[in-house]
**Student:** 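My questions all concern the structure below.
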Amino acid sequence: MHNNSYLELDPKSYKTNIDFLRKHFHKGVLISSVVKGNAYGHSIKQFVKIALEERVSHFSVFDSNEARRVKAVVEDKATVMIMGWLSNDEDLDWIIQNDIEFFVFEKSRLTAALALAKKIRKKAIVHIEVETGMNRTGFNSTELKWVQDFLKKNSEFIYFKGLCTHFAGAESIANYFRIKKQIDRYDEIYKQFCDKGLTPKLRHAACSAAAMMYPETQMDMVRIGIMQYGFWPSPEVLVNFYNAKRKNENPLKRVISWKSEVMSVKKVKRGEFVGYGTSFMADENMKIACVPVGYAHGYGRSLSNVGRVLINGERCVVIGSINMNMMVIDVTLLENVKRKDEVVLIGDQADKQLSVSSFSDYSNLLNYELLTRLSPDIPRIIKV
Ligand SMILES: *Cc1c(COP(=O)(O)O)cnc(C)c1O
């Protein structure tokens with residue numbers, strides 16, 4: 001574990017977000033909390049605990065390793081669903097034994113699940129993912145008859161719990177027609193399943209952006225990642241929300257803060273270069289502070305010369321390149337800055353704020369990418 005910085009998670013902010021989402025979505029829509037990517041960098045272990053406190057009862061992950069980590073926290077208090085990778089050889093046994101639900105988009109996964117379910121005499125709980133236009137995973141239309149026959153024939157061992165799909169970029173209006181076509185295609189396929197006497201318990205398709213931009217995609221369950229952490233999928237989705245509400249008030253609150261401290265302070269003379277190479281030259285006599293955080297911890301190199309941090313209640317600029325374990329900050333204007341002063345990389349200090357999106361604007365990194373790059377070795381602390 002590093003002790004040069006820490007991430008603080010605020011359960012009150014989480015409550016604000018989940019309360020908003022529950023109120024905003026149609027009545028009865030189940031929220032699945034998406035915690036892939038180490039809970040978008042928040043840490044599965046800590047974040048899932050916070051979500052459970054707010055009675056979240058469904059979690060979605062990418063792979064079986066994440067499923068194991070979530071299961072260790074939730075035990076029997078919530079459902080866990082794998083949306084992507086699992087190994088038919090090493091994982092399926094554990095998955096079926098523990099009632100872990102999983103996406104199926106391949107015949108081989110379905111036949112492997114059947115064989116194991118028969119062997120251990122326990123039903124496999126599956127969500128059939130269908131191709132609607134993203135062209136990533138999902139059964140193609142030519143395979144659907146095979147899937148339907150299989151599900152009908154093997155209902156004793158395979159529980160057809162969900163019919164699902166995923167949209168190809170609902171956060172951008174540029175994809176409007178593509179998404180609309182996907183919605184229509186999903187509805188057709190759903191009807192086709194029902195006509196065969198195969199009605200899934202849950203229809204689900206929406207991520208955060210789809211659930212907000214295309215309310216009809218909320219169906220029975222929504223798979224919500226980014227918004228529960230307090231971020232909007234894109235500025236467009238936020239502006240669209242403002243327009244609909246006719247006011248500019250962001251109902252979401254950032255759950256995560258990232259804090260470190262000043263490691264050293266010193267002076268640099270006019271005309272000197274700061275750090276590696278020549279990317280920054282002091283054009284006046286300056287005071288600089290070193291902060292022990294760098295790209296090894298998840299503070300991207302693309303923030304060289306552009307990143308901002310808060311020190312002594314003021315917004316200060318990163319100068320020179322971000323190093324592996326360090327960055328240099330211009331603190332010329334801070335009179336009293338000294339070693340051990342708090343440095344906020346994401347979060348609030350006095351009346352100022354630094355959001356993840358404000359620094360991803362500088363670096364063209366999406367919120368998603370920046371969050372998931374936060375090193376798992378940075379301690380996560382739950383704010384009390
Ligand atoms: C990541 C993911 C989501 C959640 O997306 P957000 O934009 O973070 O809400 C939903 N469904 C699938 C299949 C995903 O991979």
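In what follows, every heavy atom counts, from backbone to side chain, and hydrogens, waters and symmetry copies are set aside. When a ligand or atom number is given, it counts from 1 through the structure's own listing order.
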**Student:** With heavy-atom distances below 4.5 Å as the criterion, would you say the side chains of Asn367 and Tyr229 are in contact?
**Tutor:** no
**Student:** Work out which heavy atom in Lys123 is nearest to a heavy atom in Glu156; give both atom names and the distance.
**Tutor:** CE-O, 3.2 Å
**Student:** Would you check if there is a donor-acceptor pair between the side chains of Gln228 and Tyr14 at a distance under 3.5 Å?
**Tutor:** yes
**Student:** Which pair of heavy atoms, one from Ala124 and one from Ala117, lies closest together, and at what distance?
**Tutor:** N-CB, 4.1 Å
**Student:** Please check if the distance between the ring centroids of Phe139 and Trp146 is under 6.0 Å.
**Tutor:** no
**Student:** Enumerate, one pair per line, all nitrogen or oxygen atoms of ligand 1 lying under 3.5 Å from a protein nitrogen or oxygen, stating the separation to 0.1 Å; write 'none' if no such pair exists.
**Tutor:**
from	atom 1	to	atom 2	distance (Å)
ligand 1	7 (O)	Tyr368	OH	2.8
ligand 1	8 (O)	Tyr40	OH	2.5
ligand 1	8 (O)	Ile226	N	2.8
ligand 1	9 (O)	Ser208	N	2.9
ligand 1	9 (O)	Ser208	OG	2.5
ligand 1	9 (O)	Gly225	N	2.9
ligand 1	11 (N)	Arg223	NE	2.9
ligand 1	11 (N)	Arg223	NH2	3.3
ligand 1	15 (O)	Lys36	NZ	2.6

**Student:** Where do Arg223 and Cys164 come nearest, in terms of heavy atoms and distance?
**Tutor:** NH1-CB, 3.9 Å
